[in-house]
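Naming: A, B, ... by sequence-line order, numbering from 1 per chain. When reading the values below, keep in mind they use all heavy atoms of this one structure, side chains included, and skip hydrogens, waters and symmetry mates.
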There are 2 protein chains.
Amino acid sequence: MSLQSSSLTKIIEEYIDRLLEENQAGEVSLRRKDLAEKFGCVPSQINYVLRSRFAPENGFLVESQRGGHGYIKIIQLTFSNCDEEVVHLSDLVGNAITEQEARKLLVNLQNREMTTPRERLIIEVALRNQDENGRSLFDVSPYRRDLMRAELLKKILTSLSLG
Amino acid sequence: MSLQSSSLTKIIEEYIDRLLEENQAGEVSLRRKDLAEKFGCVPSQINYVLRSRFAPENGFLVESQRGGHGYIKIIQLTFSNCDEEVVHLSDLVGNAITEQEARKLLVNLQNREMTTPRERLIIEVALRNQDENGRSLFDVSPYRRDLMRAELLKKILTSLSLG
DNA sequence: CTGTCCTTGACTTATACTGACCAAAACTAT
DNA sequence: ATAGTTTTGGTCAGTATAAGTCAAGGACAG
């Protein structure tokens, strides 16, 4: 709510959103160079927009190719299994969550058929991997690992629009 | 803001894909010279297409013979079981993998219907999260992030073979 | 004043395509 | 048989193009 609301990033974000709405397929292809030119900025500004607004944790996939005939493709994954009544899972996760609590939550999600067994597996692998790295590589305290676990879990849930 | 023209490579790729679909055997033979002529390019362009689109990591084998009655044969691989495929994939990931390479591999997996879009999304969130943490929290060097990325990716791929 | 978000540009990496030169298989005339 | 010719495909390096990365600095809310 300031001049920020008219920031270039926001303008470009809205432009891409509009393209996504128009293209019914939920995806759109564009040229980084052209976009940058259209909005009078450097090309890397586009990367910033993609990174900060169209990230996987926001439910987007971005594919791109460099070189001749290069492009950037933005894909919006929209999932309608997000029941309005469902509590906000991110609230359940909170700032910190133990390994046990996380696992219980994931079992729950699978029982409610909000994730497939394969999806749950991937999530568990990712969580455990982070945990191990934190413990053995970076000497992260147990509580801080709970914080990081919560962060990762929330990002994933958000990406699946289960947030 | 639509893309200019489809690249020659893509056009030739699609042509070969079509031939593969028509010939149910999962393989097709052709003449490099004829193909080049058909698409109005130099013969080595065909090699480029084969190298970049019909490589083993895309699930293809290419055999060829020079000289009179020479030919190029493109064979679509099918793995008898998931484990084999995962071993193959883990080899492709190797010890280190860049963000770009990882993304390409994931796109590939999805195109071959070995993962769903949702699964891919979760994986990308996990990779990206690890990257962010490595960069901003633990000051991990770019190359070491490539190592860690490869580790995580392999763990996930392996887990999927069991699911 | 401070931390966060935004913006920029120099530098790096990846892809498409071409053409000159190389290698091998088959044919042909001795 | 053998050597030379013809017919194919392979390789590699160069050129053009386009996207990615990173870090330094700017703008702004609190």
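Using a 4.0 Å heavy-atom cutoff across all strands shown, A:Gln45 reaches at least one base atom of the nucleic acid. Among the protein residues, A:Arg51 comes within range of no part of the nucleic acid, since none of its heavy atoms lies under 4.0 Å from any strand. If you check every strand for non-hydrogen atoms under 4.0 Å, B:Thr9 touches sugar and phosphate atoms only. Nucleic acid contact for B:Lys10: none, since no nucleic acid atom lies under 4.0 Å from a heavy atom of the residue. Within 4.0 Å (heavy atoms only), A:Ile46 reaches no atom of the nucleic acid at all.
Nearest-nucleotide mapping onto DNA chain C: of A:Ser52 and A:Val42, the residue sitting toward the 5' end is A:Ser52. For B:Asn47 and B:Arg145, each mapped to the nucleotide of DNA chain D holding its nearest heavy atom, the one lying further toward the 5' end belongs to B:Asn47.
Following rounding to the nearest Å, B:Tyr71 (OH) and C:dA24 (P) show an atom-to-atom distance of 15 Å. Rounding to whole angstrom units, CZ of residue B:Arg149 and C1' of D:dG20 are separated by 12 Å. Distance CZ (B:Phe39) to C1' (C:dC17): 15 Å, rounded to an integer number of Å. Atom CG in A:Leu30 sits roughly 10 Å away from atom P in D:dG20 (whole-Å rounding). Nucleotide D:dG20 holds its C1' atom 6 Å from the CZ atom of A:Arg32, rounded to whole Å. Between the CD atom of B:Gln100 and the P atom of D:dC22 there is a distance of 11 Å, rounded to whole Å. The distance from atom CD of B:Glu101 to atom P of D:dG20 is 15 Å, rounded to the nearest whole Å. In this structure, CG of A:Leu8 is placed 18 Å from P of D:dG26, rounded to the nearest angstrom.
No chain of hydrophobic side-chain contacts below 4.5 Å, direct or via other Ile, Leu, Val, Met, Phe, Trp or Tyr residues, connects B:Ile72 to B:Ile75.
Checking C:dC17, D:dC22, D:dG9 against the side-chain heavy atoms of B:Arg31 singles out D:dG9 as nearest. With D:dA18, D:dC22, C:dC17 as the choices, the nucleotide that has an atom nearest any side-chain atom of B:Arg135 turns out to be D:dC22. With distances taken from any side-chain atom of A:Lys33 to the nucleotides C:dG19, D:dG10, D:dA18, the minimum falls on D:dA18.
The base of C:dG9 is paired with the side chain of A:Ser44 by a donor and an acceptor separated by under 3.5 Å.
Contact annotation: B:Gln65 does not reach the phosphate of D:dT7 (side-chain N/O to OP1 or OP2, under 4.0 Å). Residue B:His69 has no polar side-chain atom (N or O) positioned under 4.0 Å from OP1 or OP2 of D:dG9. Contact between the side-chain N/O atoms of A:Tyr48 and the OP1/OP2 oxygens of C:dC6 is found at a separation under 4.0 Å. An OP1 or OP2 oxygen of D:dT6 is reached within less than 4.0 angstrom by no side-chain nitrogen or oxygen of B:Arg66.
Of the candidates B:Arg51, B:Arg32, B:Lys33, B:Ile46 forms a side chain to side chain contact (heavy atoms under 4.5 Å, CB included) with just one, namely B:Arg32. Each of A:Leu92, A:Ile123, A:Thr115, A:Leu109 was compared with A:Leu157 under the side chain to side chain contact (heavy atoms under 4.5 Å, CB included) criterion, and only A:Leu109 meets it.
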Exercise for review: Carefully, step by step, assess A:Asn133 and B:Phe138 under the rule side-chain contact (heavy atoms from CB on, under 4.5 Å).
Suggested key: CA-CA 11 Å; A:Asn133 284 346; B:Phe138 305 117; over 6 Å; no
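For the pair A:Leu20 and A:Phe60, the minimum side-chain heavy-atom distance is below 4.5 Å.
Summarising the local packing, CG of A:Asn111 is surrounded by more than 12 heavy atoms from other residues, nucleotides or ligands at distances under 6.0 Å.
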